[in-house]
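The sequence lines fix the lettering, A, B, ..., with proteins before strands; numbering per chain opens at 1.
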There are 2 protein chains.
Amino acid sequence: MKNKEVKDIKVPMKEHFGNYMVPVRDALEIFSGKWKIPIITALTFYETCGFKEMERIIEGITPKMLSKELKFLEENLLIVRKVEDTRPITVSYSITEYGKTCKSVMSELYSWGTEHRKKVFNIEGQVWDECK
Amino acid sequence: MKNKEVKDIKVPMKEHFGNYMVPVRDALEIFSGKWKIPIITALTFYETCGFKEMERIIEGITPKMLSKELKFLEENLLIVRKVEDTRPITVSYSITEYGKTCKSVMSELYSWGTEHRKKVFNIEGQVWDECK
DNA sequence: GATAGTGGTATCCAAAAGTATAGTGGTATG
DNA sequence: CATACCACTATACTTTTGGATACCACTATC
């Protein structure tokens with residue numbers, strides 16, 4: 001470090017980004033994991049579903065995971081659970097108006113992800129079958 | 001199911017959303033986990049850092065995780081690693097032009113997350129200290 | 001020659017996330 | 001009254017993620 005200008009000392013991130021990271025983490029907590037986006041997407045499309053119905057729609061999910069994630073999404077006000085007084089009693093899960101605001105994030109993820117796939121794999125399309 | 005109209009049968013999601021889910025997952029793979037966003041953010045701010053420098057900036061990260069995530073981000077073309085011919089040799093990590101496109105996703109996550117925090121916790125601000 | 005700084009790797013461990021499988025209690029249906 | 005559908009829960013297990021600690025080779029400084 002002789003004939004180089006003195007490097008500016010870089011401070012730990014909290015001093016710059018403490019306030020920035022927290023909401024980003026909050027958002028990520030909602031959207032990450034294997035099943036949350038499929039559930040939100042299904043309910044965005046169908047508006048309302050029963051439990052077993054979702055088990056069939058979201059292929060591969062186990063009742064344990066479905067139950068857990070539905071609780072999580074309900075706690076976060078994105079969906080509502082309603083017990084219907086039918087015979088036999090059924091339970092309906094619906095997306096809330098607030099839940100629909102997820103669309104903006106998901107479409108951003110979608111378009112960035114699409115470009116990323118092109119960039120990294122040089123893939124333009126028509127190869128979806130290979131991706132499970 | 002007597003005096004109710006016949007429910008439309010809801011088909012498994014792949015038929016509707018197979019093509020939708022894949023890029024969303026791709027994007028999420030980049031941004032989820034504990035350290036990727038802090039690393040991207042640090043390099044977006046400082047442009048270039050050395051390895052030990054990043055260990056100090058990103059508080060709490062272990063060299064193992066840092067090394068692993070840097071490799072991942074490099075493979076995904078978001079950052080570049082360059083060995084500088086100095087004494088002692090140093091290594092510089094920089095964000096790429098492409099890496100800067102992450103900003104759009106992160107700012108979407110930030111603004112949704114900020115609204116979400118208000119909605120769910122009725123928190124407007126000034127309580128950041130409680131969140132580590 | 002001890003110490004410190006550079007850029008990491010190796011090994012072991014704990015916690016979190018997710019899977020597999022079975023079972024529960026209720027209500028219909030044949 | 002056996003079977004099946006509904007909405008789950010319970011238990012055990014595997015996989016993934018991340019953390020703790022130690023260590024390596026190299027160079028420079030004291």
Side-chain angles (χ1 to χ4, degrees), chain A residues 1-4 6-7 9-10 21 25 28-39 42-43 46 48-75 79-94 132, chain B residues 1-4 6-7 9-10 21 25 28-39 42-43 46 48-75 79-94 132:
Chain A
M1 221 179 286
K2 271 170 249 170
N3 40 6
K4 275 215 165 189
V6 174
K7 279 185 187 174
I9 291 145
K10 291 165 189 176
M21 294 291 182
R25 277 204 194 297
L28 234 36
E29 210 194 321
I30 302 295
F31 297 102
S32 62
K34 191 168 176 183
W35 300 113
K36 287 174 204 120
I37 289 199
I39 292 171
L43 285 176
Y46 288 120
T48 292
C49 293
F51 189 89
K52 283 283 172 189
E53 219 165 26
M54 299 205 75
E55 259 188 276
R56 284 189 294 266
I57 294 166
I58 299 160
E59 292 165 278
I61 198 167
T62 60
K64 179 189 165 186
M65 287 309 291
L66 182 55
S67 170
K68 184 187 151 198
E69 299 297 44
L70 287 170
K71 259 169 211 156
F72 174 85
L73 295 174
E74 200 195 351
E75 279 162 20
I79 66 172
V80 276
R81 179 183 186 266
K82 205 177 157 192
V83 179
E84 309 283 353
D85 189 13
T86 53
R87 315 262 161 127
I89 54 160
T90 48
V91 177
S92 73
Y93 292 92
S94 323
K132 44 170 190 177
Chain B
M1 219 179 287
K2 271 172 245 167
N3 39 7
K4 278 215 166 191
V6 174
K7 279 184 188 173
I9 290 147
K10 293 166 187 172
M21 293 292 182
R25 276 205 196 298
L28 235 35
E29 210 194 320
I30 302 296
F31 296 102
S32 62
K34 191 168 177 183
W35 300 114
K36 287 175 205 117
I37 288 199
I39 292 171
L43 284 176
Y46 288 120
T48 292
C49 292
F51 189 90
K52 286 281 174 190
E53 218 165 27
M54 300 205 73
E55 260 188 275
R56 284 188 295 266
I57 294 167
I58 300 162
E59 292 167 278
I61 198 167
T62 58
K64 176 189 161 186
M65 288 308 293
L66 182 55
S67 169
K68 183 187 152 197
E69 300 296 45
L70 287 171
K71 259 171 212 157
F72 174 85
L73 295 173
E74 201 195 350
E75 278 163 21
I79 66 173
V80 275
R81 187 188 116 108
K82 204 177 158 193
V83 179
E84 309 282 352
D85 189 13
T86 53
R87 315 262 160 126
I89 55 158
T90 48
V91 176
S92 73
Y93 291 93
S94 324
K132 46 170 187 171

Those residues at least two apart in sequence (or on a different chain) that pass side chain to side chain contact (heavy atoms under 4.5 Å, CB included) with A:E59 are B:P12, B:K14

Residues at least two apart in sequence or cross-chain that pass side chain to side chain contact (heavy atoms under 4.5 Å, CB included) with B:E74, listed by chain then number, are B:I79, B:R81

Output the rounded distance in Å from [atom1] ([X]) to [atom2] ([N]).
X	N	atom1	atom2	result
B:M65	C:dA16	CE	P	15 Å
B:K68	C:dA10	NZ	P	15 Å
A:E53	D:dC5	CD	C1'	13 Å
A:D85	D:dC6	CG	P	18 Å
A:I89	C:dG25	CD1	P	15 Å
B:L28	D:dT17	CG	C1'	15 Å
A:E84	D:dC6	CD	P	15 Å
A:I61	C:dG18	CD1	C1'	10 Å

Of C:dT19, D:dG19, D:dA7, the nucleotide closest to the side chain of A:T90 is D:dA7

A:K52 meets the salt bridge (Lys or Arg N to Asp or Glu O under 4.0 Å) criterion, sequence neighbours left out, with A:E55

Using the 3.5 Å cut-off, write out each protein N or O paired with an N or O of nucleotides 8-10 of chain D and the distance between them.
from, atom 1, to, atom 2, distance (Å)
D:dC8, OP1, A:R81, NH2, 2.3
D:dC8, OP2, A:Y93, OH, 2.9
D:dT9, OP2, A:S67, OG, 2.8
D:dT9, OP2, A:K71, NZ, 3.4

Quick check: does any side chain N or O of B:K68 sit under 3.5 Å from a backbone N or O of B:K64, one acting as donor and the other as acceptor? no

Quick one: side-chain hydrogen bond (donor to acceptor under 3.5 Å, both in side chains) partners of [X], sequence neighbours excluded?
X	result
A:S67	none
B:S92	B:E84
A:T48	A:S94

Residues passing the ring-ring contact (aromatic ring centres under 6.0 Å, His included) test with A:F31, sequence neighbours excluded, are B:W112

_Heavy atoms only, 4.0 Å cut-off, all strands: where does A:G60 land among base, sugar-phosphate and nothing?_
nothing

Report yes if a side-chain nitrogen or oxygen of A:R87 is closer than 4.0 Å to either non-bridging phosphate oxygen (OP1 or OP2) of D:dC5; otherwise report no.
no

According to a strict under-4.0 Å criterion, is B:R56 in side-chain N/O contact with OP1 or OP2 of C:dG7? no

Axis-to-axis angle across the helix from C:dG1-D:dC30 to C:dG30-D:dC1, five pairs each end, nearest 10 degrees, ~ 20°

Rounded to the nearest 0.5 angstrom, the CD-CD1 distance for A:E53 and A:I58 is 10.5 Å

